[in-house]
Amino acid sequence: MPTLALPVLSPALPEILLACGAMALLLIGVFRGEGSARLVSWLAVALLIAVLVVSGLFGGERRIGFYGMFVTDAFAVFMKALVLIGSAVSIILSLHYNEEGRIARFEFPVLILLATTGMMVMVSANDLITLYLGLELQSLALYVVASFDRDSVRSTEAGLKYFVLGALASGLLLYGASLIYGFAGTTSFAVLGELFGGGAKPSAGLIIGLVLVAIGLAFKVSAVPFHMWTPDVYEGAPTPVTAFFSVAPKIAAIALFVRFLIEPFGGLMIEWRQIIVFLSVASMVLGAVAAIAQTNIKRLMAYSSIGHVGYALIGLAVASPAGIRGILVYMAIYLFMNLGTWAVILCMRQNGQMLEGIADLSGLGRTQPGLALALGIFMFALAGIPPTAGFFGKLYIFLAAIDAHLVGLAVIGVVTSVVGAFYYLRIVKVMYFDEPLGSFDRPIAAELKWVLVVAAGLTMFFILLPDPIVGGAEAAAASLFAR
Amino acid sequence: MSHWPLLSLVTFLPLVGAGFIMLARGDEAVVARNARNIALSTSLIVFALSIVLWIDFDPTTAAFQFVERARWITIGGVTISYHMGIDGISLFFVLLSTLLTVLCIAASWNSVHNQVGEYMVAFLVLETMMVGIFCALDFVLFYVFFEGVLVPMFLIIGVWGGTRRVYAAFKFFLFTLLGSVLSLLAILAVYFQTGSTDIEVALAHSFPADLQKWLFLAFFASFAVKVPMWPVHTWLPDAHVEAPTAGSVILAGVLLKMGGYGFVRFSLPMFPLASEYFTPMMFALSAIAVIYTSFVALAQTDMKKLIAYSSIAHMGFVTMGIFAVTSEAVQGAMIQMLSHGLVSAGLFLIVGVVYDRLHTRDIDRYGGLAERMPAYAFVFMCLMLASVGLPGTSGFVGEFLILLGTFRVSTLECFLAATALFLGAMYMLYLYRRVIFGTITREDLRGMLDLSPREKMVFAPLLILVLWMGVYPTSFLTPIRASVDNIVQRASAAQKVARAAASVIPAQAGTHLATAPQADQWVPAFAGNADRER
């Protein structure tokens with residue numbers, strides 16, 4: 001008579017810690033009342049750092065928990081570290097903004113923590129059920145934070161739009177998952193991997209299921225043609241929330257995408273590679289071309305993030321350890337150059353009002369040279385110009401593409417990066433070549449300044465010591481192919 | 001001295017100076033004065049250090065000297081190192097960069113008034129990038145410098161440029177970026193061929209013939225834009241005209257040389273078969289550049305634009321010389337690049353002198369300047385004659401060697417290029433006549449002041465070097481010779497091997513009509529590859 005033994009919980013210790021911490025912070029918030037937003041926010045940051053340390057202490061060895069539904073390995077640790085840093089910095093970025101906009105509530109950091117828990121589960125998913133659990137935990141929290149500025153029409157519209165389209169994508173994904181289960185008879189990544197690693201012919205139903213799940217995930221990473229929600233949600237959501245959207249959920253979804261395609265369906269590479277190639281090319285082209293006409297910097301960053309996902313997907317199309325390493329390095333660099341850019345956008349405040357127009361940056365090089373220098377560094381980095389870190393992100397991606405003889409993809413990549421350079425340069429042009437219109441409010445909030453300095457420093461001086469990130473990415477990528 | 005990391009000092013010392021300028025605080029006039037002084041002293045120290053490079057340089061070897069190597073990035077067991085070194089090909093380009101930076105900073109002393117600190121920082125960063133390009137012996141390092149140079153130049157054109165500066169800055173940046181990203185892909189392909197990003201390893205590697213053509217084209221995309229060759233030259237007139245005087249000097253003096261340097265350093269030794277295969281194309285494009293742009297120059301009304309077009313023509317000579325692949329022609333191309341670096345830099349400074357006084361570059365607005373500005377007229381004349389290629393000036397040595405070397409390969413090409421000597425004399429003398437000779441008809445020209453002592457100091461080293469190179473070119477040819485000979489010999493040896501192989505294959509296939517030795521004699525130069533592919 002089998003007894004119900006407690007599942008192996010230890011691989012999920014960071015997630016358990018984070019979930020319990022989030023609940024505790026919720027209680028603290030409730031008991032201390034309205035004025036506790038700043039306290040809860042800083043505690044949330046501390047909690048995220050603690051979880052980062054715990055997850056790092058575990059190291060990169062592969063461990064399975066929850067009857068094989070949950071896995072942690074070097075890949076998971078690397079991606080979780082990026083997600084945790086992204087969430088922590090987003091909370092820090094939100095402090096000043098929320099206080100100024102009178103939306104400083106303790107629920108905000110708690111929601112971010114819950115979303116982060118979901119993302120960590122996504123990164124560690126080893127079963128279709130875990131995949132969906134993590135994804136939905138993340139998405140539900142994100143729908144709420146998108147409309148967190150509930151008195152603003154734009155913010156509520158953004159939240160609603162995100163919810164409707166996100167629910168559709170989740171539905172597609174779930175339907176795909178059920179098809180995979182129906183045709184393969186299992187939801188476990190490990191069993192699926194063994195099944196198709198041995199060269200089993202996939203049935204048409206399974207392929208349809210695979211495509212549907214890929215569509216759902218493409219929606220989550222906002223790859224073209226499933227990107228429609230991105231510009232609107234980015235523009236409407238409160239700026240710190242947009243900053244959060246552009247990094248943590250994207251990184252988690254990319255991680256999930258990579259694990260889902262490489263581990264269970266690595267044997268079906270020929271079936272799904274063309275999908276990824278198409279998503280990648282379409283995202284790079286649209287990200288580069290559509291951003292040219294934008295006048296709102298938040299929309300511009302939305303298209304920029306679409307383009308960057310396209311580059312990251314090149315690495316997935318390659319599907320070799322080198323390709324995955326490229327993705328990991330790219331996402332790490334993308335994380336800090338993007339957070340830095342959003343920190344600058346959060347400094348665009350005149351007489352207490354937030355500004356979002358690119359033209360509002362006119363003459364920033366004269367009025368606030370430090371801020372302009374930082375944004376200049378981030379723009380050159382996003383465009384992939386050496387010696388900034390952004391160049392190395394692209395370098396590792398194209399390295400993998402050339403290695404796999406995907407020369408066409410690499411050529412499209414570099415050409416779109418030249419087109420993309422145009423609109424990043426336009427921001428540099430507005431800042432340095434145009435006459436000043438007026439200066440932004442000073443002083444810049446201390447925590448914003450710190451984020452700016454650290455992000456700009458990392459972007460600029462990555463070239464001096466790239467080994468920690470590149471080496472970590474290398475080990476993480478290898479862990480995915482270890483079996 | 002050899003224990004000092006001399007190349008790293010020359011490369012990165014300007015950044016230290018730039019750092020000091022950025023730290024300067026106070027009111028605008030003080031910051032500006034400090035920035036000028038710091039920038040000038042930094043660039044002078046760097047120039048002095050680069051002179052040490054020349055003195056300590058061993059001209060007898062083609063090997064790289066002053067080599068520095070340190071581990072930088074490790075990926076997948078392969079190390080990308082910080083690898084620096086110079087040989088005869090790069091030595092004088094380093095010197096040219098450091099010299100022109102000093103002159104640019106001195107020439108901008110009074111002509112730049114706004115954001116002086118940032119201006120000087122941009123020039124010092126530019127110097128680091130330029131020197132780095134010529135010293136880097138690792139492809140990734142090279143590429144970082146090669147593309148990094150665009151950033152300060154973009155800002156220099158865009159912030160301190162003329163009325164159409166935004167258009168010119170974008171055109172410059174995007175044109176050159178498109179070229180360089182394609183060469184990045186080629187660099188990655190080279191890496192997978194050789195298993196290393198080291199340039200020395202790649203130079204010693206022999207690439208498969210089919211791959212050579214693709215890699216050659218990818219590198220060509222990058223270098224041809226930089227040179228610039230017809231028809232991708234259109235960014236140059238815009239960038240030169242809109243850039244501030246010192247920006248044009250660096251553009252013409254050093255940035256164009258990066259293309260020629262790339263062809264000599266990478267395309268010839270790494271892809272000898274492709275170089276041979278594409279020689280007709282390179283010759284055709286060079287001839288078009290030389291003749292077409294000379295005619296275009298003749299029609300210009302803007303002084304800077306005229307000199308910009310003459311630059312394209314002169315660089316057409318250079319690309320022709322490089323792809324003639326004879327020792328004389330390649331040496332001539334090297335000398336021609338150095339000479340053009342000095343002469344066109346001087347000519348842009350000449351335009352800058354009158355532009356500072358009258359704020360126009362329209363040729364029609366001038367005339368009869370000899371009367372009021374005799375020293376100016378003298379300097380202008382020397383530089384103009386050097387540009388025309390008068391014997392005794394540096395221009396003659398370069399053009400003569402190139403024509404000599406090319407004549408052995410293709411008399412037609414040599415003939416076409418030689419017409420440019422005549423056309424060049426036409427547009428330069430015509431320019432000189434309209435600006436300097438005649439009588440002063442406009443009132444505001446009567447008040448023009450002649451060269452100030454500072455301006456004379458700027459022109460003196462240029463004139464001395466132009467004449468030195470013209471009268472006694474051996475000082476410059478000796479360090480270059482060993483490296484150039486090495487490249488030319490290896491390239492022609494590789495081509496000979498390929499030809500021999502190509503002529504053997506039909507013989508083995510049972511062709512009875514021609515015996516192998518005869519075939520070797522009459523197979524035209526470019527048939528080698530075609531035969532082999534068949």
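Each chain gets a letter, A, B and so on, in the order its sequence line appears, and its residues count up from 1. Being a predicted model, the structure only gives us computed values, none of them experimental.
- Annotation for A:Met460: atom CE counts as buried by contact number, over 12 foreign heavy atoms lying within 6.0 Å.
- Taking the six-membered ring where tryptophan is involved, the planes of A:Phe433 and B:Phe154 are tilted, since the angle between them lies from 30° to 60°.
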Worksheet item: Checking side chain to side chain contact (heavy atoms under 4.5 Å, CB included) for the pair B:Leu184/A:Lys394: CA distance, chi angles, key distance, verdict?
Response: CA-CA 10 Å; B:Leu184 175 65; A:Lys394 293 222 164 81; 6.0 Å; no
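- Annotation: side chain of A:Val414 is in contact with side chain of B:Leu185 (closest heavy-atom distance under 4.5 Å).
- Rounding to the nearest 0.5 Å gives a distance of 9.0 Å between CG of B:Leu155 and CE of A:Met431.
- Using a 4.5 Å heavy-atom cutoff, the side chains of A:Val411 and B:Val181 are not in contact.
- Heavy-atom distances place the side chain of A:Phe380, and not its backbone, under 4.5 Å from chain B.
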Discussion item. Please determine whether side chain to side chain contact (heavy atoms under 4.5 Å, CB included) holds for the pair B:Leu174 and A:Val419, giving the CA-CA distance in whole Å, both sets of side-chain angles, and the decisive distance to 0.1 Å.
Written reply: CA-CA 8 Å; B:Leu174 295 177; A:Val419 178; over 6 Å; no
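- With rounding to the nearest 0.5 Å, the separation of CD1 in A:Ile463 from OH in B:Tyr82 is 10.5 Å.
- For A:Val418 against B:Leu177, the heavy-atom pair with the smallest separation is CG2-CG, 3.9 Å.
- Nearest heavy-atom pair, B:Gln115 versus A:Gly365, reported as atom, atom and distance to 0.1 Å: NE2-O, 4.3 Å.
- Between chain A and the options B:Ala189, B:Gly148, B:Gly158, the largest number of non-hydrogen pairs under 4.5 Å is found for B:Gly158.
- With contacts defined as side-chain heavy-atom distances shorter than 4.5 Å, the pair A:Leu395/B:Leu188 qualifies.
- Enclosure of atom CZ in A:Phe440 by more than 12 non-hydrogen atoms of other residues, nucleotides or ligands within 6.0 angstrom is indicated.
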Item to complete: Under the side chain to side chain contact (heavy atoms under 4.5 Å, CB included) rule, what do B:Leu150 and A:Ile385 come out as? Steps first, then yes or no, please.
Response: CA-CA 9 Å; B:Leu150 300 181; A:Ile385 307 292; 5.6 Å; no
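- The distance from the NE2 atom of A:His405 to the CZ atom of B:Phe192 is 8.5 Å, given to the nearest 0.5 Å.
- Heavy-atom pairs under 4.5 Å with chain B peak, among A:Asp434, A:Val415, A:Asp403, A:Val470, at A:Asp403.
- In this structure, chain A has no heavy atom under 4.5 Å from any part of B:Ala218.
- Using a distance-only test at 3.5 Å, with no hydrogens or angles considered, no donor-acceptor pair links the side chain of B:Trp72 to the main chain of A:Pro466.
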Practice prompt. Start with the C-alpha distance between B:Val151 and A:Thr388, add both sets of side-chain angles, then the distance that settles side chain to side chain contact (heavy atoms under 4.5 Å, CB included), and finish with yes or no.
Written response: CA-CA 11 Å; B:Val151 177; A:Thr388 59; over 6 Å; no
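- When heavy atoms are compared at a cutoff of 4.5 Å, A:Leu373 approaches chain B solely by way of its side chain, counted from C-beta outward.
- Atoms CD1 and CD1, on A:Ile402 and B:Ile187 in that order, are 11.0 Å from each other to the nearest 0.5 Å.
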